[in-house]
Every structure is written in C-alpha cells, then in structure tokens.
Amino acid sequence: MPDLQPSGPASLAGLGVSPGRTAGPCLRMAGPPALPAPNPVTDTGAELAVVGEALEAVAEDLRRRSAAVAGGDRGAAEILDALAMMADDPMLKEEAEQGVRDGLDAPHALEAAFARHREALASLGGYLAERAADLDDLKHRAVAAALGVPMPGVPSPGHPFVLVAEDLSPADTAGLGPDVLALVTVKGGPTSHTAILARGRGLPAVVACAGAAHLVDGTYIAVDGATGEIVTGVTEEDAARVREQDSAERARLAATSGPGRTADGHPVKLLLNIGSAADLRPDGEGVGLFRTEFLFLDRKQAPTYEEQVTAYADVFTAVPYVVVRTLDAGTDKPLPFLGLPEEPNPALGVRGLRVDRVLPDVLDTQLDAIAEAARRTGAEAWVMAPMVSTPGEAAAFARRARARGIARVGAMVEVPAAALLADRLLREVDFLSIGTNDLSQYTYAADRQHPALADLLDPAQPALLRLVELCAEAGRAAGKPVGVCGEAAGDARLAPILAGLGVTSLSMAPVCVPAVRDALARHTLEECRELARAALDGR
Ligand code: PEP
Ligand code: MG
C-alpha cells in the first residue's frame, strides 16, 4: 500500500475504543533507538555500571512522570508506578548484568534480558500477553539510555495533533500532554492500556487500524473514536470545523445530568463499569459492573480476605449501589495466582464461574469478603457470577451467596445457552446482566480480541440482539431487572435499541454516560421499540 498523501479524502477502518470526534495533523511516535553492532567489552565494571544507570534512569523518568500526573489521573499515575517497578526488577537487572559478564555490551545485554522477560509474559496469553508491549517500551527506553540517546516518546510540536503509533506504550499514554487530540494505533486491542487510559481521559482513540501504518506526518486526519473510522486528506479548515463541532457537542453533553430516561420518561438506569475505586466518576446511578479480577491481574499470590474486604469497601463507601462481579479468570484475563493449567482452548475452558469446579475456596473467600465489606459500609451490594451456562450453576451460586446474607444475587449472560434459558435462570436469581462482549464472541464463534472479525463482533448483529430480547422478555415476565454491561451498553447508537428490546439498565465506561443519556432522551419508548424491531430485522 502506498503512503497516504493528503490528496483527497479516503477512509481507514480501525476499532473505535474511546468515543469522540476530532481532527488535526497526525504525528508519529519517535521510533525506538537503532541498536548498533555489538562492541567488544574491555571494561566489564564500566559496562555493568551503564546497565544499572540505564535501568535507574528509566525508572526515575517514569517516577517523575507519575509524580507529575499524581494529582490528576490516578489511573495513569498507577500505571507509571507499575512500569517503574518493572524497570526496577532486580531479576531483570541481574540478567542484564549476567549478559555483560558473558561478554555483551550494556545495550545488547539489556536488549537480551528484556527479550527473555517478554517471551515469558507473552507465553501466558490473553491480558498478560498484551502487557508484553509494556516490556518492549521499557526495553527501548533502557537501550536508549545505555546508548546515551534520547528515550523514544511522544512528540511535542507545540500545536495540537493526532498521535499515531504502531502500538502505544502505557508509559506514553499515561504521560500525554494536552496537545494530543486523539490516539490512533496500528496494533492494540479493546482491552489494551491505550483503550483503558483513553476512555479514562475522554480522549478519542482508534486501535487495530492497519492503514494507519502508512499515514504521513503532517497529514490532516479526522478520527471517530466511536465508529473507528479515520478519514485522511481532510483540509485544515475541515479539521477546524470537526473540532468545533466536537467541542460544542461535548459542552452540550457535559450539561446533561440525571438518571437515564427515554423522551417520555421510561427509566433505563445508567451505571458504571469499573475495575477499582480509582475508576469511579461522579456520574451515573451506581456501578453496574465491578470487574474484581482487575484488582488482582498481575498478582502471583492470592489476595487475602482482608485485602479483598478493603478493596470492595473502598468502592462501597464511594457508591451506595454496586453490582460486584466475582472473579472472572481465564482466557483474556488469566490470574497467575490461581495456578490454572494451560488449556488448548482457553475461551472454551475453565474460566469465570467454572474455576469454582476446581478451586471452590476462591469463590467462598470472595463471597465472604464481599458480604463483610457490605456489612461494614452499609452498602447495597449486588453480586453476580460471570460465565454462567445453566440454571443449575445459577442456583448453586445463588445458594452460596445468599447463605452469606448477600441480598441480591444475579447471573451474567455471556453464553448463548444462558440466554436461551433466561426464564429458567431467573427462577434462581434476582437479576441478569448481559455481557455482550463474550455473548457476541460465543454466538458468532469469533474471538473477541480478533481485529479482523470486528464485523461479526458488532453488537448490532441481529442474532445477538435476538438473545438480548429473549433475556429482556424473561425479565419482564419475572418482574426482575435485566441489564447490559458489555461494551455495547456504552454505544450511544445502540442504547435506544437496547432500551427498545426491554433492558432495564446500561452499564458502561464512565466516559460514555453523557452520550448514552442523551441518545435515550432523544427517543420515546415506542420509537426505541421501532428501532429495535428494525435492528432485529437487520434493516
Ligand atoms: C462481557 O463479556 O461483556 C463483560 C462485560 O465481561 P468482560 O468484558 O469483563 O469479559
Ligand atoms: Mg465477559
């Protein structure tokens, strides 16, 4: 494919992971340092010192950047601190020093040590494999420091720009200045740090955009972080117009507040998806999905009971209504401390609630901790299990949760079998929450992380909506709430359709709430139902 010149509008497709529209000149990240041919080591002591100084310089730079953002974005500061700890890892340093003792110069010894650590992480698959990019970034920084050249990083041209990168590192994403209008990456997935941080800041972002590899610095592009569309070759005037429209739209949305309602007042609760108390924002009507496994993703030791009570109480204290999801381990979110064996087909294996088949203590301790945190804070904690497949699983989970005094117990609907028997599930539990990310993966037999299958994973697909409708109808018949908490719930175009299908709540990344609130308020319930009928027909 030739480089994309600003000769006329053309469209590139990626995955929209953080909503918002903007436009401006694009600029690429400064590339990693070129590693020169190895130098023979004449002074091992001096070379060892370079290794230590380079790693310290990287850690120090990250700590400095963390301190600079600490007052504002806590999530960004935490990521920068975690990276500084990785750069400080004594095992990594020891391996690089061993490389020097074996005859490598400092840059090559660092390169080799990072490569070994990366391989180990990538072999774990899923979420942890996505973290392998973190190590690449640290490696480039350490090698640059050892070579005495500037560390790679975000350009600072002194004017607003769209940042384009092969795969944006968390360190760079976390340290972004106010000049950055949007993020576009060639690689990356919907669960990458780029996506999480961009959503946290309300910065439009598109990932997995292969065509972006050919963008030329300075080309004006328009970015739609909701649809994933990038238009190249726009004029400077067009770009200014897009930005003006976006600011006006943001100001209008920011002025909205209050609970979710259709134009004629039909309530659809607007809830937040969070991974920890740090993700909470002062909007929405509570938390609809607290992904507890996000608290413990990188842990090698199981979290203790007390540790869990504290983490859950932190959220319960801030928000009185919280739906806690019990640990959803496996496939894209492996939890190393569980010590689960590798599987040939992890998405179809022992994951989510199924982990309870082999490690029942884990769920018992977590339910104890949730119940205790709710008692201590007086919060209304609802609890739900991920990856429920049968009414029997739902019943067993409900028994164990209720035995601990947890008042409301629910099941996630992420497997088509659960949707098909939603009515029977609702005889066992008090509510359902539809995880459209997994439900579309399993309905369409399409890996949810696969950028090339994005069309199948589109939650507007009629077969998926049909399953949502089945659940919502079962909820209506039973008089019990049925919400959606997958990414579909944060898509303003889908919100009226989901409301028309009969769901009672939408739970989403906090940044998505204003646009979803606005989209609901623009349609009456009958209009939502008509939109739903059209979507089910594939119209
Ligand atoms: C889902 O599958 O839609 C969901 C909300 O759970 P997660 O994305 O954490 O798997
Ligand atoms: Mg899921």
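When a ligand or atom number is given, it counts from 1 through the structure's own listing order. Heavy-atom basis, side chains included; hydrogens, waters and symmetry copies ignored.
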Backbone or side chain, does any N or O of [X] fall under 3.5 Å from an N or O of ligand 1?
X	result
Thr436	yes
Asp438	yes
Glu293	no

With respect to atom 4 (C) of ligand 1, which of Arg448, Met508, Glu414 exhibits the smallest heavy-atom separation? Glu414

Pick one of side chain, backbone, both or neither for how [X] approaches ligand 1, counting any non-hydrogen atom pair under 4.0 Å.
X	value
Leu439	neither
Ile434	neither
Met387	neither
Glu487	neither

Can you name the atoms of ligand 1, numbered from 1 with element, that are less than 4.0 Å from a heavy atom of [X]?
X	value
Asp328	10 (O)
Arg291	4 (C), 5 (C), 6 (O), 7 (P), 8 (O), 9 (O)
Cys485	5 (C)

Ignoring hydrogens, what is the shortest heavy-atom contact between Ala277 and Asp314? Give both atom names and the distance. CB-CB, 4.0 Å

Taking all non-hydrogen atoms of both residues, which atom of Ala213 and which atom of Val186 are closest, and how far apart? N-CG2, 3.5 Å

Salt bridge check, Arg424 against Glu428: does any charged N sit closer than 4.0 Å to a carboxylate O? no

If only atom types and distance count, is the side chain of Thr524 paired as donor or acceptor with the main-chain N or O of Glu527 below 3.5 Å? yes

For Gln366 and Leu327, indicate whether the former's side chain and the latter's backbone hold a donor-acceptor pair under 3.5 Å. yes

Counting non-hydrogen protein atoms only, what is the nearest one to atom 7 (P) of ligand 1? Give residue, atom name and distance. Lys333 NZ, 3.3 Å

Any idea which protein heavy atom is nearest atom 6 (O) of ligand 1, and the distance to it? Arg325 NH1, 2.9 Å

Would you say the side chains of Gln461 and Asp458 form a donor-acceptor pair under 3.5 Å? no

Donor-acceptor pair between Ser66 and Asp81 side chains, under 3.5 angstrom: yes

Restricting to N/O/S, name the atom of Asp438 that gets closest to the Mg ion (ligand 2). OD2

Closest to the Mg ion (ligand 2), among the N/O/S atoms of Glu414, is atom OE2

Could you check if a side-chain atom of Asp328 sits within less than 4.5 angstrom of a side-chain atom of Arg351, using non-hydrogen atoms only? yes

Going by heavy atoms in the side chains, are Ile434 and Val482 under 4.5 Å from each other? yes

Arg375 atom CZ: more than 12 heavy-atom contacts under 6.0 Å: yes

